[in-house]
Amino acid sequence: MREIKIEDVGNTLQELLLEKDPIDEDVGIFDGSGEIVGVVIPKKAYDFFLKKVEEEEDRIDSQSVEEFNNSGEKDI
C-alpha cells in the first residue's frame, strides 16, 4: 500500500476522513471529465475487504490441496 499523510491531502478530503461519525461510504475521486481516478474507503470497509480476500485465498489453497490429494500425484 502506498501511504500519504493526512496533512498532504486537501481540506475536503481531510474533512471526510476525519468525520466523527463517518458514513460508511467510499469517497470517489474524479478527474475533470467525470472519470473516476481513485477511491478512498473507510477503515471498516478496508478491514472487511482484506478479510474476504484472505478467506478466498484460503478457499483456493484448500481446493488446490484437495485437488492434489485426489490426483494421486502424492503417491508417486
Side-chain angles (χ1 to χ4, degrees):
M1 170 190 318
R2 295 183 289 175
E3 296 180 12
I4 187 170
K5 294 180 180 176
I6 195 156
E7 299 85 21
D8 294 332
V9 301
N11 291 336
T12 303
L13 184 54
Q14 281 188 35
E15 289 173 15
L16 291 172
L17 293 172
L18 296 174
E19 286 178 343
K20 183 175 180 180
D21 295 313
I23 299 173
D24 288 339
E25 290 186 11
D26 306 339
V27 176
I29 302 169
F30 298 84
D31 66 14
S33 64
E35 295 292 317
I36 194 161
V37 295
V39 176
V40 177
I41 62 173
K43 182 180 180 332
K44 191 166 133 181
Y46 180 70
D47 291 342
F48 177 79
F49 171 76
L50 286 181
K51 179 182 174 194
K52 291 300 177 185
V53 168
E54 289 170 2
E55 287 174 359
E56 182 62 11
E57 288 173 341
D58 290 346
R59 186 193 68 76
I60 291 170
D61 290 346
S62 293
Q63 182 179 2
S64 295
V65 168
E66 184 177 331
E67 288 172 0
F68 176 77
N69 288 338
N70 292 335
S71 72
E73 290 181 53
K74 70 175 185 170
D75 299 328
I76 296 176

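Along the sequence shown, the residues carry numbers beginning at 1.
In the hydrophobic clustering of this structure, Ile4 does not group with Met1; members are Ile, Leu, Val, Met, Phe, Trp, Tyr whose side-chain heavy atoms approach within less than 4.5 Å, directly or through other members. In this structure, Val27 is a member of the same hydrophobic cluster as Leu18, with clusters built from ILVMFWY side-chain heavy atoms closer than 4.5 Å.
Atom CZ in Phe48 sits 11.0 Å away from atom CD1 in Ile41 (nearest 0.5 Å). Leu16 contributes atom CG, which lies 12.0 Å from atom CG of Asp26 (distance to the nearest 0.5 angstrom). Leu13 CG to Asp8 CG: the interatomic distance, rounded to the nearest 0.5 Å, is 11.5 Å.
With hydrogens and angles disregarded, a donor-acceptor distance shorter than 3.5 Å links the side chain of Gln14 to the backbone of Ile6.
You'll find the side chain of Ile36 stays beyond 4.5 Å of the side chain of Ile29, heavy atoms only. Inter-residue side-chain proximity for Leu17 and Val40 is flagged as met; some heavy-atom pair is nearer than 4.5 Å. The closest side-chain heavy-atom distance from Phe49 to Lys44 is not below 4.5 Å.
Salt bridge status for Asp47 with Lys51: absent, with no side-chain N to carboxylate O gap under 4.0 Å.
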Name the atoms and distances for all side-chain donor-acceptor pairs under 3.5 Å in residues 54-65, with sequence neighbours left out.
from, atom 1, to, atom 2, distance (Å)
Glu55, OE1, Lys52, NZ, 3.2
Glu56, OE1, Arg59, NE, 3.0
Glu56, OE2, Arg59, NE, 3.3
Glu56, OE2, Arg59, NH2, 2.6
Arg59, NH1, Gln63, OE1, 3.1
Ser62, OG, Asp58, O, 3.1
Gln63, NE2, Glu67, OE2, 3.2
Ser64, OG, Ile60, O, 3.1

